[in-house]
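One structure is given below, encoded as structure tokens.
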Amino acid sequence: MEKLWGGRFEGALDSAAAAFQDSIGFDRRLYREDIRGSIAHAGMLSKCGIITEEEGETLIRALSELLKDMDEDRISPDDSFEDIHSFVESTLVDRIGETGKKLHTGRSRNDQVALDVRMYVRHRAAVMDRALFELEQTYGKIIRENKDTAMPGFTHMQKAQPVTLSHHVAAYFEMIRRDRSRIRDIYERLNECPLGAGALAGTTYPLDREMTARELGFYRPTANSMDSVSDRDYVIEYISALSIVMTHLSRSCEEIITWNSNEYGFVTVSDSFSTGSSIMPQKKNPDIAELVRGKTGRVYGDLISMLTVMKGIPLAYDKDMQEDKETLFDADDTAYACVRMYTGMFGTLTFNRERMRKSCENGFTNATDAADYLVVKGMPFRDAHRVIGEIVRYCIEKGKALSDLSMDEWKGFSGLFSEDIYDSVSIETCISRRNTCGAPGVSAMDEFIKGMDAYLDEGCICEPDIYGGKTDG
Ligand code: ARG
């Protein structure tokens, strides 16, 4: 296929070098952004009198038809094209002749690709926002329904204090809420239009950059033409936000894998998100959770690739930047698939409430409350801590829980204990007394849920499909 830049060359590009530098294998996925950008550019060229109205109309009509043909799989670029931009332009020239050659007036592939990638990230950020919103709704349902489901909270993987399932899941809800707010910030920052920056120094044509920016749904044109073509910080920011999403999912998956084990038995992963063993008939493995945990490393890798690609390249465009696409696509595809899979898996977990409750009772999760009891009766906290420590040691020796101790045994450690100690160390009391803002007590959780529901009512940042991308996958 003839190159867009062939004029200056006498010899042909070595075929292996051509294959090495071509990007059509992966940038074909930007065809919608590329054609949408070209339609806006053609309309602007004609409005500004740089091409005639008729030429503008011909270009727009042909581009719209090409978009439809590609959407409906009537045509797709083969590997003889260097990149998606060459494919679109050459197909246009095939279809409408000379007028097709005018499309690239006042434009470079540098601002064109910068536009395409920005529009892609913007679209995918909205798709990701929606997927995370659905995850929040899944969490929301479990949070509302489990305010009384006691379970142990852990530190150092040792039982610490009793919480509720509601409270534990609400911790993840908060993480995902911040993830969405990070994605929204990125969306706001990247939403400036680089089209019109040219190769690096703008153009001599009287382009109306405000017009193309508006047409393509951007807040405004970018302010510096060199910056417009030479940075991909929004790609780095986006992959970095995805990496944090993955960190959160991975931690939760690690918990699900542990909780799903025979030893814990807190949850049962549904059959629809588990797999078996080819040799051990009894096995039901939480593969989906393990894969989400495993794929986290891959998204981190994409982030490091992108940071490294960008760190040593001088202004303005350098071909190194072509590496932005595969890392972006891989990180985004992976994280998106993980969010969807994780949401399905989490939403179908069976919580074994009895096991969780029992687990609170046999791990001294009420020891802090027993110490607090003595403090209320007048003992300084440090002394109370020591007394309860001794009681715990005694219980371990006797194989008892605090609630199994007789009144005489309690009194043997301190005269301050009386009958009400039993109520004070009951799991229900330990939870229900914790009602400071953010704590697991029912009234604190009711407050949390009020805020959560108001926030969920706000919905998503935008409709993903309004910017000309496919809504999914
Ligand atoms: N395929 C290139 C990329 O993805 C398009 C821009 C090419 N520009 C250039 N000056 N060679 O970055």
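Whatever order the structure lists them in is the order used to number ligands and atoms, beginning at 1. These values consider heavy atoms only, across backbone and side chains, with no hydrogens, waters or symmetry-generated copies. Fair warning: this is a prediction, and the values are worked out from it, not measured in the lab.
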(Q) Once you measure the plane-to-plane angle for Phe173 and Phe448, does it fall in the parallel (<30°), tilted (30-60°) or perpendicular (>60°) bin? (A) perpendicular
Identify the closest protein heavy atom to [atom]: which residue and atom is it, and at what distance?
{"atom": "atom 5 (C) of ligand 1", "answer": "His85 NE2, 3.8 Å"}
{"atom": "atom 2 (C) of ligand 1", "answer": "Gln322 OE1, 3.3 Å"}
{"atom": "atom 3 (C) of ligand 1", "answer": "Tyr317 OH, 3.2 Å"}

Q) Going by an N to O cut-off under 4.0 Å, is there a salt bridge joining Glu33 and Arg122? A) no
Q. So does Arg28 pair up with Asp79, basic N to acidic O under 4.0 Å?
A. yes
Q) Taking the six-membered ring for Trp, is the centroid-to-centroid distance between Tyr139 and Phe346 below 6.0 Å? A) yes
**Q.** Arg298 and Asp333: CA distance, side-chain angles, deciding distance, salt bridge (charged side-chain N to carboxylate O under 4.0 Å, His left out) verdict
**A.** CA-CA 11 Å; Arg298 189 160 147 176; Asp333 291 349; over 6 Å; no
In terms of atom number and element, which parts of ligand 1 are under 4.0 angstrom from non-hydrogen atoms of [X]?
{"X": "Ser23", "value": "1 (N)"}
{"X": "Asn110", "value": "8 (N), 9 (C), 10 (N)"}
{"X": "Lys325", "value": "3 (C), 4 (O), 12 (O)"}

(Q) Please check whether Lys319 reaches ligand 1 - meaning an N/O of the residue sits under 3.5 Å from an N/O of the ligand, judged on distance alone. (A) no
**Q.** Test side chain to side chain donor-acceptor pair (under 3.5 Å) applied to Thr164 and Lys147, step by step
**A.** CA-CA 6 Å; Thr164 63; Lys147 287 184 288 182; over 6 Å; no
